[in-house]
Amino acid sequence: MSNRLACNTAAPDRAPAWAPDRTRDQAPNHAPDWVKDSIIYEILPERFCNGDPTNDPEQASCWTGRPSRRNFFGGDLRGIIDRMDYLDDLGVTCLYLTPVFAAPSNHKYDTTDHFRVDPAFGTDAVLADLARRLHACGMRLILDAVFAHVGDGHPAFQDVLARGEASPYRRWFKIDGSPVRCRPRPNYRACGGLASMPKLNTDDPEVQDLLRRVGVHWIRVADIDGWRLDMPWEISHAFWRSFRTAVKHAKAEAFLFGELWGDAAPWLRGDQFDSAMNYRWREIVLRFLVTQCIDARTFVRELYSLRRAYGPASETMVNLLGSHDTPRLLTLCRGRVGKAVQALAFLLTDVGVPMIYYGDEIGMTGANDPGCRGAMPWSREKWNMQLYESCRALIRARHRHPALRRGSFRLLVAHDRLLVFLRRFEGDAALVALNAGFQQEKLEVDLPETMRSRSLETWHSPISGCECRIDAGRAHLTLPPSGTCLILPA
Ligand code: CA
């Protein structure tokens, strides 16, 4: 059985891409303008590419080995420089690196020195070189600010362990009783209760000063373009206000976005972060496109509700389908490449800034940490080429069409499992149709005037045989399950 739907696109767009919530006083979008045109790519430097075998940790595993919580593969900053051609060809324009500062673990969220690049990743000079080379080809660099805790090897914490009450650093931490002990359970606040990651007392003025200096230091030393703020809910809003002031004073165009899994609105009032990782968007999208547990109408209701909550900031929310803290996209899709392509298509055509987790574009698989942190394979026979080529084509479409980056969002169809929407910006337009259901759908769409007067091109998912015929200003679409189709001015 198939549906035959017709919809009209003649009416002008009245609302902006985000549906404004007039019941609330929402701040304007405070993100730097460049962010709107960006495609972010998240990299775990330990796992992306090994460009310098001389700095490998002694116990480094074979590159093709399975990731565990403790093993190392030898990836480094030189490796990212070596693969800049790949990144440029893929079309990403901004790298977000998980922590790069001195730390004993493979993930480096247990910092021991905020002012030094970890020797297994390279040197401060290599980091500055990476930023310089990225800037030379129009790309940007964001680093991870891990401020809620440090590693137990941090000199301040080591001093507390050695000198107890006499340590001037004791007030940097939240310690209950004396002496300080790590076992059997730490008697200090620690990230996830792990003795190896003592929480910083971020209300202490000295600690706050240190963290602000970190924020400014790497802008001055390496000319980085912003920070992703780790676990920001652990730290006061007052601190984040002062951090924003310090960072924006050093570089007005710096981009600040937080790791936020729930409602990010309290940080998005214009005085703290520009944006946040949009994990709530991810949940809604996966429920509609991947687990298929909600229909299009529910999906749209939830998506609009999220946009209303974030207001103008929606335009630069960092949308993502996966990260170092989630299962891999293709694993969630249970290997169904068509689903993964469809999810990527929505990521790259929706309102917000897309972020791609390294390797998702070539079909890497893995459960949540540590499974999702495998080493990137560089021999193409290990890549899913349908996924990779689709991702690349969708990125190209986003770059070529301002409608996809900055346009309004107009819903045309939200029926059963079928979603069709139109994005428009000045003279540009893009029509996107997705069938997230279990059966083939047929529909007809009247194209808007801006599209009728131009020659058009279509892109559809290579997995399932979509058909698209354009005839006298109408598009006739046949979308099989997971079918995804874009109609764009040529
Ligand atoms: Ca290395």
Side-chain angles (χ1 to χ4, degrees), residues 41-90 92 94-137 139 141-146 151 153-154 196 218 221-224 228 230 323-324 328 356-362 364 366 369-383:
Y41 189 78
E42 178 187 350
I43 289 178
L44 266 87
E46 224 284 308
R47 303 295 158 82
F48 188 62
C49 178
N50 186 357
D52 182 359
T54 67
N55 62 18
D56 289 1
E58 268 178 30
Q59 66 280 36
S61 308
C62 166
W63 191 254
T64 52
R66 282 172 73 86
S68 74
R69 289 202 185 262
R70 293 183 186 278
N71 65 356
F72 292 84
F73 291 88
D76 48 43
L77 299 178
R78 176 60 55 192
I80 300 172
I81 292 173
D82 291 349
R83 297 296 177 179
M84 272 183 54
D85 286 351
Y86 170 81
L87 298 167
D88 194 38
D89 180 65
L90 179 61
V92 298
C94 178
L95 304 187
Y96 148 47
L97 309 187
T98 55
V100 298
F101 309 128
S105 66
N106 54 27
H107 53 71
K108 312 238 173 276
Y109 280 93
D110 49 350
T111 320
T112 54
D113 186 350
H114 292 96
F115 295 96
R116 186 166 65 106
V117 167
D118 191 276
F121 284 180
T123 61
D124 298 5
V126 178
L127 180 66
D129 188 32
L130 171 64
R132 197 162 40 240
R133 288 169 190 255
L134 289 170
H135 293 160
C137 61
M139 294 166 78
L141 181 63
I142 308 273
L143 298 183
D144 207 323
V146 186
H154 192 284
S196 60
W218 291 104
V221 169
D223 195 20
I224 65 160
R228 176 264 190 190
D230 186 62
S323 76
H324 63 289
R328 287 265 181 196
I356 295 167
Y357 181 51
Y358 83 98
D360 274 356
E361 77 278 16
I362 55 161
M364 283 179 75
D369 176 26
C372 60
R373 301 181 181 187
M376 176 96 165
W378 288 103
S379 50
R380 290 196 170 215
E381 63 269 24
K382 299 214 170 130
W383 298 4

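Read the numbers this way: they start at 1 and go in the same order the structure lists the ligands and their atoms. Source: prediction; values computed, not measured. Just the heavy atoms: all of them, side chains too, but no hydrogens, waters or symmetry mates, feed the values below.
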> Does Asn50 bring an N, O or S atom to within less than 3.0 Å of the Ca ion (ligand 1)?
Replying inline: yes
> Quick one: angle Gly74 O - the Ca ion (ligand 1) - Asp76 OD2, to the nearest 10°?
Replying inline: 90°
> In degrees, rounded to 10 degrees, what angle do Asn55 atom OD1 and Asp56 atom OD1 make at the Ca ion (ligand 1)?
Replying inline: 100°
> Are the side chain of Thr123 and the backbone of Val126 linked by a donor-acceptor contact shorter than 3.5 Å?
Replying inline: yes
>> Please find the pair of heavy atoms, one from Leu87 and one from Phe48, that lie closest to each other, and give the distance.
In response: CD2-CZ, 3.9 Å
> Relative to the ring of Trp383, is the ring of Trp378 parallel (under 30°), tilted (30 to 60°) or perpendicular (over 60°)?
Replying inline: perpendicular
> Which atom, among the N/O/S set of Asp52, is closest to the Ca ion (ligand 1)?
Replying inline: O
> Is NZ or CZ of Arg373 both nearer than 6.0 Å to the six-membered ring centre of Phe72 and within 45° of the ring axis?
Replying inline: no
